[in-house]
*Asks:* 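Below is the structure I would like to discuss, written out as structure tokens.
So you know, we letter chains A, B, ... as the sequences are listed, proteins then strands, and number each from 1.
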Protein chains: 2
Amino acid sequence: MASGGNIGRPGRPRSGDGRLSKKVILEAALRIVDRDGIEAMTMRRLASALGVNPMSIYHHLPNKAAVLSGLVEVVFSQLQVAAPADGASWQDQLKDAARAYRRVLRTHPNLALQIVSDTAAVSDVLVIAGEPFYQALAQTGLPPRSIVESVDVVVDFIHGFMLGEASSTSETFDLGPDLLKRVRDLPAGKAPALTRVAEALGESGFRYEFDSGFESGLNVLVRGIEAGI
Amino acid sequence: MASGGNIGRPGRPRSGDGRLSKKVILEAALRIVDRDGIEAMTMRRLASALGVNPMSIYHHLPNKAAVLSGLVEVVFSQLQVAAPADGASWQDQLKDAARAYRRVLRTHPNLALQIVSDTAAVSDVLVIAGEPFYQALAQTGLPPRSIVESVDVVVDFIHGFMLGEASSTSETFDLGPDLLKRVRDLPAGKAPALTRVAEALGESGFRYEFDSGFESGLNVLVRGIEAGI
DNA sequence: ACCTGAACACCGTTCAAGT
DNA sequence: ACCTGAACACCGTTCAAGT
């Protein structure tokens, strides 16, 4: 189904029949990025994954940058926010929009850096991806300018958060023991406030949970927006 | 001064005398990144900027990744927050810490992506860079766990913000006309809330100012943290 | 100890040629 | 119109050799 009426190995067009297209190229590229990381996505490896000459790709996409931008578009087009439950508060709608956005980025962690930094490619789709955020904030009664600023701070937070999350592998990022040790090795009095917090939390307390970290960030943001109304 | 008792062209050791060192290598690398961007920083170009064989660098730094991580450390070591004015509220201290952090990243915009994504290199210096944030939040009376979460949301916001700012060049990012056009080209009813905001602001209203965007983000965050006390 | 030259296994992309 | 092969100007890094 992925490549038309193809009876060969699934998902991989038999060389000769399944004509190359932007769509199949980007699908193959995304597969490489997801499996082996962004640095593995070279034009030559992409071509060989497609069973094709490296130069063939250039008939459908002008260069490597266009392939990567194309991937950003593909991923963003997958973003779907469930229509908000009718009775939901704007606070909950805003949080749902943020969670949906995070969910999409998490599906392709190896692409996160590209997504978050390829502003050109993003802004093409952002007018659609951003709608749920505007939808939620429209109900606050805030002036348009404040709505834009509120969306920005939420999106910036998500981007920053995703960078941290994407560069880690496990669900929980265990910097407890490591951080505690580093803090203790510090010249005395160099970072007293951090030291006090670290000692109070102890080893286990510093274990970072991405899910709860994300939620607590959302809480701060929502309350901050509320306070500005 | 940059390279010891050197009488040759300033800042550039005469080949032969000024022995290579991690320090001079990183200084040259940072110059390349600042001037020509991160992708221009190749081992071969770095070597030629130093007037040296490409392989010589490997005697002081194990590989290219180490050069880039080294740059992150160099930049972070420049971070200095002025000691807080004695009467300053924790809110103002937190904002000052954030502004100082942004200021450092802005000094090397071409390195922003690397800084924000090289978590390993960052965390080495973060125990020191983070202190002003902990200092400020210690005065809130929040429990240690909440302090950590508050620092995280602020830092994540700054990181996300910096990505947007670094990938733009001018002070003000003028997506007004462009965005308005794109919104109007949208299938009707596809993004009503965004459309309403965009029309209300008009072309000029959408002109994005990074400085005021950053400040309004800080305000939301500070008020959100206040509300959690 | 520090530096080098030649070499290897890659890159992205141009260009002229094939069907 | 689409695909290809050979070639160009690069990469990062290893290894053996020089001082």
*Asks:* With E215(B), which residues qualify under salt bridge (Lys or Arg N to Asp or Glu O under 4.0 Å), at least two apart?
*Replies:* R99(B)
*Asks:* In whole Å, I'd like the distance from the CG atom of L50(A) to the P atom of dC3(D).
*Replies:* 11 Å
*Asks:* According to side-chain contact (heavy atoms from CB on, under 4.5 Å), who are the partners of A40(B), at least two apart in sequence or on a separate chain?
*Replies:* I32(B), D36(B), R45(B)
*Asks:* Starting at the 5' end of nucleotides 5-19 of chain D, put B wherever the base has a protein heavy atom under 4.0 Å, S where only the sugar-phosphate does, and a dash everywhere else.
*Replies:* B-B---BBBB-----
*Asks:* Kindly say if H60(A) contacts the phosphate of dA1(D), meaning a side-chain N or O under 4.0 Å from OP1 or OP2.
*Replies:* no
*Asks:* dT4(D), OP1 or OP2 - any side-chain N/O from S56(A) closer than 4.0 Å?
*Replies:* yes
*Asks:* Applying salt bridge (Lys or Arg N to Asp or Glu O under 4.0 Å), name anything that partners R44(B), two or more places apart in sequence or on another chain.
*Replies:*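 Here no residue qualifies.
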*Asks:* Which residues satisfy the side-chain hydrogen bond (donor to acceptor under 3.5 Å, both in side chains) test with N63(B), sequence neighbours excluded?
*Replies:*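 Result, side-chain hydrogen bond (donor to acceptor under 3.5 Å, both in side chains) vs N63(B): none returned.
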*Asks:* Kindly assign one of parallel, tilted or perpendicular to the pair F210(B) and F161(B), based on the angle between their ring planes and the thresholds 30° and 60°.
*Replies:* perpendicular
*Asks:* List in chain and number order the residues that pass side-chain contact (heavy atoms from CB on, under 4.5 Å) with H60(A), two or more places apart in sequence or in another chain; answer none if no residue qualifies.
*Replies:*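 Listed in chain order: L20(A), I25(A).
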*Asks:* Using the side-chain contact (heavy atoms from CB on, under 4.5 Å) criterion, which residues pair with D118(B)? Sequence neighbours excluded.
*Replies:* S69(B), V72(B), Q114(B), A120(B), A121(B)
*Asks:* Once side-chain hydrogen bond (donor to acceptor under 3.5 Å, both in side chains) is applied, do any residues pair with K64(B), and if so which ones, sequence neighbours excluded?
*Replies:*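 If we apply the side-chain hydrogen bond (donor to acceptor under 3.5 Å, both in side chains) test to K64(B), skipping adjacent residues, there are no hits.
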*Asks:* Can you give me the dot-bracket string for DNA chain D, 5' to 3', counting Watson-Crick and G-U wobble pairs with both distances under 3.5 Å, using [ ] for crossing pairs and | for partners on another strand?
*Replies:* ||.|||||...|||||.||
